[in-house]
Number of protein chains: 2
Amino acid sequence: MVASNPRAPLSARATATRQRILDAALVEFAEKGLAGSRVDEIAARAGANKRMLYAHFGSKEELWLVVLEGAYAAKREEERQLDVASLPPAEAMTRLVAFNLRYTSRHPEFVALLNQENLHRAAYLRRSEDVPALYSPMLEALKGVLERGAREGVFRGGVDAMQLYISILGLGHFYVANRHTLSTIFHTPLDTEAAIAAREAHISDVVLGFLRP
Amino acid sequence: MVASNPRAPLSARATATRQRILDAALVEFAEKGLAGSRVDEIAARAGANKRMLYAHFGSKEELWLVVLEGAYAAKREEERQLDVASLPPAEAMTRLVAFNLRYTSRHPEFVALLNQENLHRAAYLRRSEDVPALYSPMLEALKGVLERGAREGVFRGGVDAMQLYISILGLGHFYVANRHTLSTIFHTPLDTEAAIAAREAHISDVVLGFLRP
DNA sequence: CCGGTAAGTAACCACCCAGTTACCTGGGGA
DNA sequence: TCCCCAGGTAACTGGGTGGTTACTTACCGG
């Protein structure tokens, strides 16, 4: 975590202005992407000014990286709350799947940020100093549930956890990321609660249906 | 289709320069997004010049829309080739699923374009005059296969075709769209042929496993 | 040979925008 | 009191950046 050590350079301190700039940048970046965002606009939204933005972050691109790392950290944090080890495997799996879709649809900014970063071929993320910290606790939880389910005979065995993890992410992420083009094509709103609940039910069906022994 | 009527305005004619500009724009837009792309760069890549670009397309944003429509059309065109009605349901389904992943991974520009357009909340697509043409023939094929499979007793019934269609798209699209961040996090290359084949096998497993009666 | 038109060249305009700088303010600690 | 420093204001710089225009070239059909 960022220390508030008064001897640390401003760029590493946790101050109110810094946080407001981060919040504003998250919104702006998610809406318009890195190239489409304007530094002046971010500063204005934050009720701050460019001078402080540059004092804290040094450049637009550094700010992007910090925002991106923060978005990952926020998701990891919520994932860590997910206590799934004590539930029966099928229920645990449903919870993992549902959590993922719900988090994703509650945080379309995260989706937008990820998409953008992939457009950049993860150039900024690769530069991050704590890439290992990006590794999700949810993948570990998933592995545990898969093993337990197979042992108890309620899931099929031999499932590749990483592939399934990517699938669970993708089933939710794609829906949220592409809701605008999809709903244009299908002439159906996709971000109502009813639509999201239907999607949740479907994704659960797919994953649990697949895992049947 | 675009006519080559010599009385039509330049902006609606199919000329060599126009096509080269479109090709160049596809590459540039996919690499850098709409805001990140430079009109001068597109013209240069096309071996053309800004003057002709503006004569044909009027603005950067109009060019974006034409490129996007073209990308959809190209995918629809290949989907139309997919003859799946004569195959047994399970095989037909495998083919639909595999086609989707393979097309997606052969055309990451399409993925990049879609992601960008969703960042813009489909603002350009909505303005398109032939949105209905975006509707995929693959969805119809999928419906047919689902019904046939259920009738023959090899698939479960009551499957929502649109949800499954979105899932099939998503299982491939997410993998391709996010391959850079995913491979950074997992320290594993994801765009080798072996990795793609593994993904294909997994997606097939998931979909067919889910569809078991 | 002539008129029409696709295509090219290069300069130009009016902003835009990341990043910098000089100077100011207000509060808290020694 | 005085210094330190987070934060603020506003102007400026320099390299873009979308879009336009005047002028030229080359080809093709009548």
Side-chain angles (χ1 to χ4, degrees), chain A residues 2-29 31-68 116 120 123-124 127, chain B residues 2-25 27-29 31-67 116 120 123-124 127:
Chain A
V2 173
S4 282
N5 173 1
R7 282 171 192 280
L10 188 55
S11 66
R13 309 274 282 276
T15 68
T17 301
R18 184 187 152 98
Q19 191 55 50
R20 287 204 319 277
I21 292 173
L22 278 173
D23 294 344
L26 176 62
V27 174
E28 179 86 357
F29 283 146
E31 256 174 38
K32 316 203 182 145
L34 176 55
S37 293
R38 301 294 156 237
V39 171
D40 300 78
E41 180 66 21
I42 293 171
R45 263 189 214 247
N49 52 70
K50 279 202 290 184
R51 194 189 145 285
M52 291 318 292
L53 188 155
Y54 279 96
H56 281 291
F57 303 100
S59 73
K60 191 191 187 183
E61 307 204 336
E62 265 304 305
L63 175 56
W64 168 264
L65 177 56
V66 176
V67 167
L68 188 64
Q116 277 286 313
H120 306 134
Y124 301 100
R127 233 162 50 201
Chain B
V2 173
S4 281
N5 172 1
R7 282 171 191 280
L10 187 56
S11 66
R13 310 274 281 276
T15 68
T17 302
R18 184 187 152 97
Q19 191 54 50
R20 288 206 316 279
I21 292 173
L22 278 174
D23 294 344
V27 175
E28 178 84 359
F29 282 146
E31 255 174 41
K32 317 203 183 144
L34 175 55
S37 293
R38 299 294 156 240
V39 173
D40 300 79
E41 180 66 23
I42 293 172
R45 263 191 214 246
N49 53 69
K50 278 203 290 183
R51 193 187 146 286
M52 291 316 294
L53 189 155
Y54 280 96
H56 280 290
F57 302 100
S59 74
K60 191 192 189 184
E61 306 203 337
E62 264 305 303
L63 175 57
W64 169 264
L65 178 55
V66 176
V67 166
Q116 277 287 311
H120 306 134
Y124 301 99
R127 231 162 52 200

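Reminder, nothing fancy here: chain letters follow the sequence lines and each chain counts from 1.
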Would you say that B:I42 contacts B:L63 through its side chain, given a criterion of any heavy-atom pair below 4.5 Å between the two side chains?
yes
Between protein and nucleotides 23-25 of chain D, what N or O pairs are separated by less than 3.5 Å?
none

Measure the CZ-NZ distance between B:F29 and B:K60 for me, rounded to the nearest 0.5 Å.
6.5 Å
Under 4.0 Å, counting only non-hydrogen atoms across every strand here, what does B:G47 touch: a base, just sugar-phosphate, or nothing?
sugar-phosphate
Give, for atom CZ of B:R127 and atom CD of B:E62, the distance between the pair rounded to the nearest 0.5 Å.
6.0 Å
Please examine the side chains of A:V66 and A:R18, heavy atoms only from C-beta on, and report whether any two atoms are closer than 4.5 Å.
yes
Show the numbers, then the answer: is there a side chain to side chain contact (heavy atoms under 4.5 Å, CB included) between A:F57 and A:L22?
CA-CA 10 Å; A:F57 303 100; A:L22 278 173; 3.8 Å; yes
Under 4.0 Å between a side-chain N or O of B:H56 and OP1 or OP2 of C:dA6?
no
With rounding to the nearest 0.5 Å, note down the distance linking CH2 in B:W64 to NE2 in B:H120.
6.0 Å
Nearest 0.5 Å please: distance from the CZ atom of A:R45 over to the CZ atom of A:R20.
14.5 Å
A:N49 has an atom CG; how far is it from atom C1' of C:dC24, in whole Å?
12 Å
Between CD of A:E61 and C1' of C:dC17 the distance, given in whole Å, is 14 Å
Does A:G58 reach a base, just sugar-phosphate, or nothing at all? Heavy atoms under 4.0 Å.
nothing
Whole-Å gap separating C1' (D:dG8) and CZ (A:R20)
11 Å
Side-chain N,O (A:T17) to OP1/OP2 (D:dG7) below 4.0 Å
yes
Quick note, B:Y54 side chain, CB onward, closest among D:dG8, D:dG19, C:dA7 is D:dG19
Polar pairs (N or O, both sides) under 3.5 Å between protein and nucleotides 12-17 of chain D?
from, atom 1, to, atom 2, distance (Å)
D:dT17, OP2, B:R38, NE, 3.0

Send over the distance from A:L53 CG to C:dC17 C1', rounded to a whole Å.
13 Å
For B:L34 and D:dG18, what is the distance between atoms CG and C1' respectively, to the nearest whole Å?
12 Å
How long is the line joining CE of A:M52 and P of C:dC23, in whole Å?
19 Å
Separation of D:dG7 atom P from A:R18 atom CZ, nearest Å, is 11 Å
If you pin B:A48 and A:S59 to their nearest nucleotides in DNA chain C, which one's is more 5'?
B:A48
When rounded to the nearest 0.5 angstrom, what is the spacing between NZ in A:K50 and CG in A:D40?
4.0 Å
Whole angstrom is fine here: how far is it from CZ in A:F57 over to P in D:dG7?
11 Å
Can you find a pair of side-chain heavy atoms, one from A:E61 and one from A:L65, that are under 4.5 Å apart?
no
